[in-house]
Amino acid sequence: HRDLHSFPTRRSSDLIVLLMIETLFSLVFVYVFILLGYLAKRLFKEDMNPKTLTLFSVYFLQPFVTVWGFSTAKLHSEHIFVPLVYLGIILALLVSSLFVAKLLFEDAKERAIFSIAGFAGNTGNIGIPLGIALFGEQSVIYTTLINIANVFVVYIIGVYIYSRGSFSVKNSLLNIVKIPIIPASAVAFMINIYDIPLSSSIREFFKMGAYAGIVLQLFLLGTFLHGIRIQELQPKLFIGTMSQKFIIIPAATWFLLSFTSLPLFVQGVIFMEMMVPIAIANINQASLYNCRPKEVTSLILLSTLLFVPLLFVLSHIINFYYL
């Protein structure tokens, strides 16, 4: 992998378009699992309980996803700065988002969804393959680290904010402690930093658990898609969340990145990750803490659909400015 001071060569527009089309096809096959989840809920109705699937995903399989993610690339000091910049931008923008949410929404659950949904992006299922399409394989180390950083956004900040839609401050903080993915991430981080050797059988064990977690997450989205009524989604919540996701956050990210000394290539990777659709993992928190999971599912679906035409705009911005 290239370090922070390396620059990839400019890639032709035709090559980028071809790679993007290939990526879109790969994502179509990935989202077949969403269709399976939808069909399962449609066929088995109440016997297919999304809350049970959520509990199994969060408390048993998501820790495997994190541990496996840490094992895919060796961390080096020059790489650590990238996820820190990513987290710094999110925290800086999140403060203003919480303030705006209080002005726009009276309902606590709507405030919670608006405050965090746009920041918890799909940096894994979409961000990593899209990074390969736009920047090449040299982006994998950065997209992987950003995806790991996004786990902390989803399972610490996200857990707290979604909890606040239904719970007190004290109980919301306790909900963070209860999530096993946090101690699992700490253990995985130590294994990576201290280069503790893992046998091939153990690595395969973590990989199996991680793939099961990823598939279940997609399957879970499908179960929530059954029975949703997009027309019931509050227009203010939809417009506010989509504007924040695809206009405010990218524009603010571009502005803040211009003050860093990061190479344009790395800035482009971070910018791209800030524009990916809303993460499926938002459903976990919304379901666990009774924060309108149907509305969150609608926002995820709509953000994914809106991202398809925006993808071509994103590719031109990156090719013109960052490559």
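Values below: every heavy atom of this structure, side chains too, minus hydrogens, waters and symmetry copies. Residue numbers run from 1 in the order of the sequence given.
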Anything under 3.5 Å between a donor and an acceptor, one on a side chain of residues 241-252, the other on a protein residue two or more places apart or in another chain? List them.
residue, atom, partner, partner atom, Å
T241, OG1, L237, O, 2.7
S243, OG, I239, O, 2.7
Q244, OE1, S97, OG, 2.9
Q244, NE2, F114, O, 2.8
K245, NZ, G118, O, 3.0
K245, NZ, M274, O, 3.1
K245, NZ, V276, O, 2.9

| message | Determine whether a donor-acceptor pair (N or O, by modelled atom type, separation under 3.5 Å) exists between the side chain of N282 and the backbone of A120. | response | yes

| said: Show, in sequence, the C-alpha distance, side-chain angles and deciding distance for T143 and L130, and conclude whether the side chain to side chain contact (heavy atoms under 4.5 Å, CB included) test is met. | reply: CA-CA 9 Å; T143 53; L130 184 59; over 6 Å; no

| message | Nearest 0.5 angstrom please: I278 CD1 to I113 CD1, how far? | response | 9.5 Å

| task | Return the set of residues passing side-chain contact (heavy atoms from CB on, under 4.5 Å) with L198 (not counting sequence neighbours), or none when no residue passes. | result | I191, I202, R203, F206

| Ignoring hydrogens and geometry, is there a side-chain-to-backbone donor-acceptor pair from N192 to F189 under 3.5 Å? | no

| said: For a 4.5 angstrom cut-off between non-hydrogen side-chain atoms, does V296 reach Y162? | reply: yes

| Tell me, do I179 and Y59 make a side-chain contact under 4.5 Å, heavy atoms counted? | yes

| note | Sequence neighbours excluded, the answer for side-chain contact (heavy atoms from CB on, under 4.5 Å) partners of I230 is I228, S298, L301, L302

| If you look at every heavy atom in S57 and Q217, which pair is closest and at what distance? | OG-OE1, 3.3 Å

| Closest approach of P50 to L220 (non-hydrogen atoms, all atoms of both residues) | O-CD1, 3.5 Å

| query | Side-chain donor-acceptor pair under 3.5 Å between E295 and Q234, yes or no? | reply | no

| task | Consider only side-chain heavy atoms of I, L, V, M, F, W and Y, link residues closer than 4.5 Å, and tell whether I161 and L174 are in one cluster. | result | no

| Exam field: side chain S139 to backbone G131, donor-acceptor pair closer than 3.5 Å | yes

| note | So CD1 of I90 and CD1 of I270: to nearest 0.5 Å the spacing works out to 10.5 Å

Side-chain polar contacts of residues 36-48 - donor-acceptor pairs under 3.5 angstrom, sequence neighbours left out - could you list them?
residue, atom, partner, partner atom, Å
K41, NZ, K45, O, 3.1
K41, NZ, M48, O, 3.0
K45, NZ, R42, O, 3.2

| said: Restricting to non-hydrogen atoms, name the atom on A210 and the atom on W68 that form the minimum distance, rounded to 0.1 Å. | reply: CB-CB, 3.6 Å

| Of the non-hydrogen atoms in K109 and G165, which two are nearest, and what is the gap between them? | CG-O, 3.4 Å

| task | Would you confirm whether S315, through its side chain, and F312, through its main-chain N or O, come within 3.5 Å as a donor-acceptor pair? | result | yes

| task | Provide the closest heavy-atom pair for L87 versus A149 in the form atom of the first, atom of the second, distance. | result | CD2-O, 3.7 Å

Only distances under 3.5 Å count here; give the side-chain donor-acceptor pairs of residues 150-160 to other protein atoms, sequence neighbours excluded, each with its distance to 0.1 Å.
residue, atom, partner, partner atom, Å
N150, OD1, Y86, OH, 3.0
N150, ND2, G121, O, 2.8
N150, ND2, T123, OG1, 3.3
Y155, OH, N284, ND2, 3.1

| Is a donor on one side and an acceptor on the other found under 3.5 Å between the side chain of S166 and the backbone of Y289? | yes

| field | Under 3.5 Å: donor-acceptor pair, side chain of Q138, backbone of F135 | value | yes

| message | Tell me if the centroids of the rings in F271 and Y321 come within less than 6.0 Å of each other. | response | no

| query | Between atom CZ of F81 and atom OG of S261, what is the distance when rounded to the nearest 0.5 Å? | reply | 6.0 Å

| field | Residues in side chain to side chain donor-acceptor pair (under 3.5 Å) contact with S199, at least two apart in sequence or another chain | value | S201

| Does I34 belong to the same Ile/Leu/Val/Met/Phe/Trp/Tyr cluster as L216, with side-chain heavy atoms less than 4.5 Å apart forming each link? | yes

| query | Under the side chain to side chain contact (heavy atoms under 4.5 Å, CB included) criterion, do F307 and L314 qualify, and how do the steps go? | reply | CA-CA 9 Å; F307 185 67; L314 174 62; 4.3 Å; yes

| task | Could you list the residues that satisfy side-chain contact (heavy atoms from CB on, under 4.5 Å) with K236, not counting sequence neighbours? | result | F105

| message | When you measure from the side chain of Q62 to the backbone of I181, do you find a donor-acceptor pair of N or O atoms at a distance under 3.5 Å? | response | no

| task | Tell me whether L35 is reachable from F33 by hopping between hydrophobic residues (I, L, V, M, F, W, Y) whose side-chain heavy atoms are closer than 4.5 Å. | result | yes

| request: Answer yes or no: does atom CZ of F167 have more than 12 heavy-atom neighbours from other residues, nucleotides or ligands under 6.0 Å? | output: yes

| Heavy-atom check, side chain of I126 versus side chain of P277, under 4.5 Å | yes

| task | Check the pair M190 / V187 against side chain to side chain contact (heavy atoms under 4.5 Å, CB included), numbers first and verdict last. | result | CA-CA 5 Å; M190 299 302 292; V187 171; 5.9 Å; no

| request: Please list all pairs passing the salt bridge (Lys or Arg N to Asp or Glu O under 4.0 Å) test where one or both residues lie in residues 80-108, with sequence neighbours left out. | output: D107-R292

| ring pair (Phe, Tyr, Trp, His ring centres under 6.0 Å) partners of F99, counting only residues at least two apart | none

| Any side-chain heavy atom of F205 sitting closer than 4.5 Å to one from F64? | yes

| task | Any chance you could measure L257, atom CG, to L262, atom CG, to the nearest 0.5 Å? | result | 7.0 Å

| field | I89-I116 co-clustered via ILVMFWY side chain contacts under 4.5 Å | value | yes

| message | Is the shortest side-chain heavy-atom distance between V82 and V85 below 4.5 Å? | response | no

| task | Only counting residues at least two apart or in another chain, list the ones meeting side chain to side chain donor-acceptor pair (under 3.5 Å) with S163. | result | N175

| task | Measure the spacing between CE of M272 and CG of L311 and express it to the nearest 0.5 Å. | result | 10.0 Å

| Contacts of type side chain to side chain donor-acceptor pair (under 3.5 Å), residue N290, not counting sequence neighbours | none

| With F259 via side-chain contact (heavy atoms from CB on, under 4.5 Å) - residues at least two apart | F255

| field | Between CZ on residue F56 and CG on residue N49, distance to nearest 0.5 Å | value | 14.0 Å

| query | Same cluster or not: are V95 and L103 linked, directly or through other Ile, Leu, Val, Met, Phe, Trp or Tyr residues, by side-chain heavy atoms under 4.5 angstrom apart? | reply | no

